[in-house]
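First comes the structure, then the notes that go with it.
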Number of protein chains: 2
Amino acid sequence: MERTDTKERLLGATLKLISTRGYLGATTREIAREAGVSELTLFRHFRSKERLFEEVLNTYTFLPRLRELLPELEGLPCDEALMSIGTGFLETLKERKSMVRIMFSEMNTYPEKVRRVHKRFIDETILTLANYFRALQDRGRLRKFPHTTGARAFLGMVFSYFQTEEIVKGRNINKKEMQRTVGEFTDIFLRGVK
Amino acid sequence: MERTDTKERLLGATLKLISTRGYLGATTREIAREAGVSELTLFRHFRSKERLFEEVLNTYTFLPRLRELLPELEGLPCDEALMSIGTGFLETLKERKSMVRIMFSEMNTYPEKVRRVHKRFIDETILTLANYFRALQDRGRLRKFPHTTGARAFLGMVFSYFQTEEIVKGRNINKKEMQRTVGEFTDIFLRGVK
DNA sequence: CCATAATGTAAGCACTTACTTACATTAGGA
DNA sequence: TCCTAATGTAAGTAAGTGCTTACATTATGG
């Protein structure tokens, strides 16, 4: 009974290694070494690599915070509310970068498992935002437009920005840059470019 | 001298298998079998799996294709031009789906050399559209806005849409749905939602 | 103080992988 | 007709890979 955090260390090491080297590229030997335990311990806790991976997905699944965020935006003007939604979304993505990486890398290895995570996060976020837009339309704060497509559009801008900069280029989007870019996205989304 | 298209068949098989199983998951045996040649022939044409993969990336790049999207839009009004860019972009992504899959799923596991090409690809795509926007601004057809962010925004909407539907969900976006959605994106992008 | 549960070390197994070697076949051009 | 270039078959190699077995160590709680 030497350690109590063995399982957590293994899960963390697996998340790290699979997100950087891919499922096939991350070996159980290396995961164990990264966690500071023997390979045998890995197999004693999780019976196979696949089960280990599954537990990683379950452990680090993330849910959108948008729903909790919305009530706080009640009184705000549209631009400030959207700005807040955009930066909140981007911050969640940054926090869960490893999981986002895995989501799009292991789509082929384990399609159903990964799709579940995607559905829980992306689809849910689009839906929530779309409903929010509809509410704003009903109150006359926004003009009529297809609210689901609108949600897709806004989140798509932010997500693609995250994907190209943080994931593909490996850059870190700092607070200042984030504020600026999301601000510009918001402005375009609200006012249009014409 | 039995066949003249051996190399092409191998490149095609590699594209197909790597895009579905990943770089490590696609074995040289299977690639050869898919191409209808012996594994030895594969190694005689390309000396290693890595070189084979590099040639695949060079062969199937579609950056030139994207560049062709702009020139023919001279006389069109903004909304039609944007619509054309959006659908053209989306159609290219669909056509080159395998490449898109490879580029955005596993890039972090590939050698630095490959990643650099990929980064340049993204930057150039954004830059091309950004320059187009600037030209339209100079001619007073669009209002002043940060043109690079604008290009990011528009391409991001379309790309995220493609990624979610075609890659993650495995759906086929048909012509009609594509027209509608891109039309709505364009409208939002030009007029805003306020 | 001792049973137990969590860990370790070490060896190894069955399998796969990228890649090689040696040798044979075949078809077209000189 | 014969040389050459492209291909094939078959066997094999070295280095992994996930996972197992056998056995030892150690700390803790009753």
Side-chain angles (χ1 to χ4, degrees), chain A residues 1-59 102 105-106 108-114, chain B residues 1-59 102 105-115:
Chain A
M1 302 168 175
E2 300 212 39
R3 277 217 202 88
T4 52
D5 59 341
T6 307
K7 212 158 187 166
E8 289 73 28
R9 295 170 60 95
L10 279 166
L11 288 170
T14 309
L15 178 71
K16 176 175 173 184
L17 284 174
I18 290 191
S19 78
T20 54
R21 303 212 208 299
Y23 179 78
L24 291 174
T27 71
T28 50
R29 285 205 220 304
E30 211 175 350
I31 291 170
R33 185 152 45 85
E34 172 80 26
V37 300
S38 83
E39 196 185 359
L40 179 52
T41 299
L42 183 156
F43 284 103
R44 280 200 269 235
H45 277 280
F46 314 88
R47 304 167 22 163
S48 68
K49 191 184 179 182
E50 189 178 341
R51 276 169 193 264
L52 169 59
F53 181 55
E54 251 174 74
E55 284 224 31
V56 165
L57 291 185
N58 292 336
T59 306
I102 288 179
S105 298
E106 307 308 328
N108 306 316
T109 342
Y110 291 107
E112 333 81 50
K113 292 178 190 169
V114 170
Chain B
M1 302 164 176
E2 300 212 42
R3 279 219 201 85
T4 53
D5 57 342
T6 307
K7 212 158 186 166
E8 288 73 29
R9 294 170 61 95
L10 278 166
L11 288 171
T14 309
L15 177 70
K16 176 176 174 183
L17 285 174
I18 290 191
S19 78
T20 53
R21 303 214 209 298
Y23 179 76
L24 290 174
T27 72
T28 50
R29 281 202 230 303
E30 212 175 350
I31 291 170
R33 184 152 46 83
E34 172 81 27
V37 300
S38 82
E39 196 184 358
L40 179 52
T41 299
L42 182 156
F43 284 103
R44 281 200 269 235
H45 277 279
F46 314 89
R47 302 165 25 159
S48 67
K49 192 183 181 182
E50 195 177 329
R51 276 169 194 263
L52 168 60
F53 181 55
E54 271 172 40
E55 284 222 33
V56 165
L57 293 180
N58 291 335
T59 306
I102 290 178
S105 73
E106 274 201 315
M107 266 303 160
N108 49 327
T109 67
Y110 301 152
E112 188 47 40
K113 192 174 165 188
V114 172
R115 300 190 58 186

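Note on naming: letters A, B, ... go to the chains in the order of the sequence lines (proteins, then strands), and numbering restarts at 1 for each one. Remember, it's a predicted structure, so these values are computed and weren't measured experimentally.
- Around the CD atom of B:Glu8, the shell of radius 6.0 Å holds more than 12 heavy atoms that belong to other residues, nucleotides or ligands.
- For B:Leu40, taking side-chain heavy atoms from C-beta onward, the closest of the listed nucleotides D:dT17, C:dG8, D:dT9 is D:dT9.
- Contact check, A:Thr28 against D:dT17: no side-chain N or O comes under 4.0 Å of OP1 or OP2.
- Minimum atom distance to the side chain of A:Phe43 is reached by D:dT20, of the listed C:dT7, C:dC19, D:dT20.
- Nearest nucleotide to the side chain of A:Val37, out of D:dT7, C:dC19, C:dG8: C:dG8.
- Distances were taken from every side-chain heavy atom of A:Ser48 (C-beta onward) to each of C:dA10, D:dC19, C:dA18; the shortest belongs to D:dC19.
- The side chain of A:Thr41 sits closest to C:dG8 out of C:dG8, D:dT7, D:dA10.
- Taking the six-membered ring where tryptophan is involved, the planes of A:Tyr23 and A:Tyr110 are perpendicular, since the angle between them exceeds 60° and thus also 30°.
- Rounded to whole Å, atom C1' of C:dT7 lies 14 Å from atom CD of A:Glu39.
- The shortest side-chain heavy-atom distance between A:Thr41 and A:Thr6 falls under the 4.5 Å cut-off.
- Listed candidates were C:dT7, C:dG8, D:dT20. Nearest to the side chain of A:Ser38 is C:dG8.
- For A:His45 and C:dT7, the shortest distance from a side-chain N or O to OP1 or OP2 is below 4.0 Å.
- Results of the side-chain contact (heavy atoms from CB on, under 4.5 Å) test with A:Thr14 over A:Leu42, A:Thr28, A:Thr59, A:Ile31 single out A:Ile31 as the only residue that passes.
- As rounded to whole Å, 15 Å separates atom P of C:dT16 from atom NZ of A:Lys49.
- When distances run from any side-chain atom of A:Arg44 to the nucleotides D:dG18, D:dG8, C:dG8, the shortest one goes to C:dG8.
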